[in-house]
Amino acid sequence: MDKIPFWEIAYRDDNIMAFTASPNNTVVEYEALLDKNANILEAGCGEGQNVLYLAKQGFHNIDAFDISEAGIAKLKKLCEINGVSINAFVCDLAEYVFEKKYDLIMSFATLCFVEKDKWKKFILNAKDSTNVGGIHIMHIFTDEVPASADIAPFAVGLAHDGELKELYGDWEILSFQSYVFEDEHPGVPKHLHAVNKVVARKNL
């Protein structure tokens, strides 16, 4: 039997959040650059803490997908509880097809769970599907430290340090961070993750 990731178990429990109920601080930091009518996409949204936050801030053109049916079901419940509307749907990042242009595309701790050539293709397609002036916030685990036991069976596309940033060489880099942090989740011991996070703007 294949191992089930801890987040999938947490998505099925309405009493806990797999990660946090708070949005990523980078989303909060850069939301002011966006008009409330902005088209927004989150790839690998999980339970949707980032898109829920933006919806509650008044953004109303939000798409969000995740490969987890349980994660999307939970997000839809949370939308109903919070009285907000998000177009949330199940999809594999490696198979996603862009059908419109966006002003914000973001992904947190998701890209590395598909093969490297597939997440790079997603990034390139996402860049093509971004309006001029649009923002990307991309966060990926790197191989600067070994994959922790909780993600090792699934992290098939860990990036090299700086590899994500290189894909945005033709965009304005608003922020780039490379760091290691200590993490823990329900039922999972403390562990380390190495991360690259890039915020970039399309100016041409």
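All values reported here derive from a predicted model rather than from experimental measurement.
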Peer 1: Can you name the nearest heavy-atom pair linking A43 to S107, along with the distance?
Peer 2: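 Nearest heavy atoms, A43 then S107: O-OG, 3.0 Å.
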Peer 1: Between atom CD of E31 and atom CG of N50, what is the distance when rounded to the nearest 0.5 Å?
Peer 2: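 It comes to 11.0 Å.
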Peer 1: Answer whether the closest heavy-atom distance between the side chains of F89 and D63 falls below 4.5 Å.
Peer 2: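 Side-chain contact under 4.5 Å: yes.
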Peer 1: Tell me which one of K197, H139, Q49, E29 satisfies side-chain hydrogen bond (donor to acceptor under 3.5 Å, both in side chains) with N24.
Peer 2: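 Only one option passes, and that is K197.
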Peer 1: Where do V28 and P23 come nearest, in terms of heavy atoms and distance?
Peer 2: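 Closest approach of V28 to P23: CG2-CG, 3.7 Å.
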Peer 1: Do S129 side-chain atoms and K127 backbone N/O form a donor-acceptor pair below 3.5 Å?
Peer 2: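 Checking the backbone N and O of K127 against the side chain of S129, no donor-acceptor pair under 3.5 Å is found.
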Peer 1: Taking C-beta and beyond as the side chain, do L174 and L33 meet within less than 4.5 Å on heavy atoms?
Peer 2: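 The answer is yes, as the side chains (C-beta and beyond) meet within the 4.5 Å cut-off.
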Peer 1: Might you point out which heavy atoms bring G48 and L75 nearest each other, and give the distance in Å?
Peer 2: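 Result for this residue pair: CA-CD1, 3.8 Å.
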Peer 1: Any donor and acceptor pair, going by atom type alone, linking the side chain of D66 with main-chain N or O of I72 inside 3.5 Å?
Peer 2: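 A pair under 3.5 Å: no.
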Peer 1: First locate atom OG of S85, then atom CD of E80, and finally report the distance between them rounded to the nearest 0.5 Å.
Peer 2: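 S85 OG to E80 CD: 11.5 Å, rounded to 0.5 Å.
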Peer 1: As an exercise, state the distance from CG of N87 to CZ of F65, rounded to the nearest 0.5 Å.
Peer 2: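 Here the interatomic distance stands at 11.5 Å.
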Peer 1: Return the minimal non-hydrogen interatomic distance between S68 and V90, and the atom names on each side.
Peer 2: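 Shortest heavy-atom separation between S68 and V90 comes out as O-CG2, 4.3 Å.
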Peer 1: Consider only side-chain heavy atoms of I, L, V, M, F, W and Y, link residues closer than 4.5 Å, and tell whether I123 and L104 are in one cluster.
Peer 2: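 No, no single cluster joins them.
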Peer 1: Using the rule that two of Ile, Leu, Val, Met, Phe, Trp, Tyr join whenever any of their side-chain heavy atoms come within less than 4.5 Å, decide whether Y96 and I140 are in one cluster.
Peer 2: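 Yes, it is one cluster - the side chains of Y96 and I140 are joined through contacts under 4.5 Å.
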Peer 1: For residues W119 and T110, determine if any side-chain heavy atom of one lies less than 4.5 Å from a side-chain heavy atom of the other.
Peer 2: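 Side chain of W119 against side chain of T110, heavy atoms only: no contact under 4.5 Å found.
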Peer 1: Are any of the side-chain heavy atoms of D103 and D35 separated by less than 4.5 Å?
Peer 2: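 D103 does not reach D35 side chain to side chain.
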Peer 1: Does K100 reach the main-chain N or O of N39 with its side chain, forming a donor-acceptor pair under 3.5 Å?
Peer 2: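 Not a single qualifying donor-acceptor pair exists.
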Peer 1: Roughly how far, to the nearest 0.5 Å, is the CG atom of L52 from the CD1 atom of I81?
Peer 2: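 Output value for this atom pair is 9.5 Å.
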Peer 1: Could you check whether any side-chain heavy atom of H160 comes within less than 4.5 Å of a side-chain heavy atom of K116, counting everything from C-beta outward?
Peer 2: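 Yes, at least one pair of side-chain atoms sits under 4.5 Å.
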Peer 1: Do L93 and L111 have side chains that approach each other closer than 4.5 Å (heavy atoms only, starting at C-beta)?
Peer 2: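 Contact flag for L93/L111 side chains = yes.
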Peer 1: Please say whether more than 12 non-hydrogen atoms of neighbouring residues, nucleotides or ligands are located less than 6.0 Å from NZ in K120.
Peer 2: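 Yes, NZ of K120 has more than 12 neighbouring heavy atoms, counting only those of other groups under 6.0 Å.
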Peer 1: Is it the case that one hydrophobic cluster holds both L164 and V145, taking links as side-chain heavy atoms less than 4.5 Å apart, direct or via other members?
Peer 2: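 No: no chain of side-chain contacts under 4.5 Å links L164 to V145.
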Peer 1: Taking atom SG of C79 and atom NZ of K74, what is their separation to the nearest 0.5 Å?
Peer 2: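 It is 13.5 Å, given to the nearest 0.5 Å.
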Peer 1: With clusters defined by side-chain heavy atoms of hydrophobic residues (ILVMFWY) lying less than 4.5 Å apart, directly or transitively, does W171 cluster with I135?
Peer 2: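 I135 and W171: separate clusters.
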Peer 1: Please examine the side chains of D128 and F98, heavy atoms only from C-beta on, and report whether any two atoms are closer than 4.5 Å.
Peer 2: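 Counting from C-beta outward, F98 and D128 never come under 4.5 Å.
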Peer 1: Assess whether side chain to side chain contact (heavy atoms under 4.5 Å, CB included) is satisfied between L54 and M106, documenting all intermediate values.
Peer 2: CA-CA 12 Å; L54 291 173; M106 56 184 174; 3.7 Å; yes
Peer 1: Say whether, by atom type as modelled, one donor and one acceptor occur between the side chain of T142 and the main chain of N196 under 3.5 angstrom.
Peer 2: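 No; zero donor-acceptor contacts below 3.5 Å.
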Peer 1: Taking T130 as the fixed residue, which of R201, H136, K101, K202 is the one that meets the side-chain hydrogen bond (donor to acceptor under 3.5 Å, both in side chains) rule?
Peer 2: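 With T130 as partner, side-chain hydrogen bond (donor to acceptor under 3.5 Å, both in side chains) holds for just one option, H136.
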Peer 1: Is there a continuous path of hydrophobic side-chain contacts, each under 4.5 Å between heavy atoms, that joins F108 to V51?
Peer 2: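 Per the 4.5 Å side-chain linkage, F108 and V51 are co-clustered.
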Peer 1: Just how far is it from atom CZ of F59 to atom CG of N37, taken to the nearest 0.5 Å?
Peer 2: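 It is 9.5 Å, given to the nearest 0.5 Å.
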Peer 1: Over all heavy atoms of both residues, which pair between L78 and E47 is shortest? Give the atoms and the distance, please.
Peer 2: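 In this case the closest contact between L78 and E47 is CD1-O, 3.7 Å.
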Peer 1: Testing the basics here: between F113 and A109, what is the closest heavy-atom pair and its distance to 0.1 Å?
Peer 2: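 Heavy-atom minimum between the residues: CE1-O, 3.1 Å.
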Peer 1: State, yes or no, whether a side-chain contact exists between N131 and Y102 at a heavy-atom distance under 4.5 Å.
Peer 2: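 Side chain of N131 against side chain of Y102, heavy atoms only: no contact under 4.5 Å found.
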